[in-house]
Amino acid sequence: MLRIDGLNAAYGRIKVLWDLSLSVGSGEAVGLFGPNGAGKTTLVNCVIGFLKPISGKVLFQDKDITGMEPHEIVKLGIALVPQERELFPNMTVEENLRAGANYVPHARERMLEAFDLVFTLFPILKERLKQKVGTMSGGQQRMVAVARALMSFPKLLMLDEPSVGLQPSIVSELFSKLREIKNQGVSILLIEQNVKQGLKVVERGYVIENGRIVLEDSSTNLMNNEHIKKAYLGL
Ligand code: ATP
């Protein structure tokens, strides 16, 4: 589904990603874990086309998408839930959701179907359609952000630290929704600092530190890995 090969990226002269390789299989949920400033956001920015890498390749369904524009990449079936929620706070839930489908012709044509899909997953959004997003709780806004990404019928959903700032019960609720989304056949790349919760959602994970992948394994093995236990699980 997604394959990143030997990616190097920088902001001006400051190099941030070093020879980074990673893959997400069809229907698979994969985690990318690491501390603040490790390069996680930089990686998703390279995939979605916000940042052009210095070298290396990003392949999506065997197509080379390296350096393509974000709107073209979204049309191919990749959606990002960014770290900054980037919702329109003065617009209603409905308007925000419409915005998620508007730029993708095949999704715009299936807008009603898309609404049905997100209402099944997040019933509360149906009741709140006319509410301005800025007046909702942090957890509800995060649900809107995920729902908006789903409105484009993505094949791959990337989420950049969706748990940040949410209380634990809301994180559990959100992550159980991610499992449902995965069960519907959407591949997931979950970027997280919350390794404990994240490992419950994904089957496989990578650990990134200082712009390099330092560990790659199944969730079960990562959970029992000494470095993960000490550095990320506080054990
Ligand atoms: P966080 O959880 O804090 O977002 P991250 O793992 O996502 O961390 P990145 O945001 O990818 O890390 O940042 C990686 C490095 O690149 C950091 O040292 C950061 O200071 C630097 N960086 C990020 N964005 C820029 C930018 N626009 N210009 C210059 N340097 C940047």
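For clarity, every value in this text was computed on a predicted model and none was experimentally measured. Ligands are counted one by one from 1 in listed order, and the atoms in each one are counted from 1 as well.
Ordered by chain and residue number, the residues placing a heavy atom less than 4.0 Å from ligand 1 are Tyr11, Val16, Pro35, Asn36, Gly37, Ala38, Gly39, Lys40, Thr41, Thr42, Gln83, Glu161, Gln193.
The closest donor-acceptor contact from the side chain of Arg108 to the backbone of Arg98 lies at 3.5 Å or more, if one exists at all.
Between Glu28 and Lys182, none of the side-chain N atoms (NZ, or NE/NH1/NH2) sits under 4.0 Å from a carboxylate O, so this pair counts as no salt bridge.
A cation-pi geometry, defined here as NZ or CZ lying under 6.0 Å from the six-membered ring centre and within 45° of its normal, does not hold between Arg110 and Phe115.
Using bins of under 30°, 30° to 60° and over 60° for the plane-to-plane angle, the ring pair Tyr232/His227 lands in the perpendicular bin.
Using a 4.5 Å heavy-atom threshold, the side chains of Leu97 and Val93 count as touching.
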Pairs under 3.5 angstrom only: tabulate donor-acceptor contacts from the side chains of residues 184-191 to other protein residues two or more places apart or in another chain.
| from | atom 1 | to | atom 2 | distance (Å) |
| --- | --- | --- | --- | --- |
| Ser187 | OG | Gly25 | O | 3.3 |
| Ser187 | OG | Gly27 | N | 2.9 |

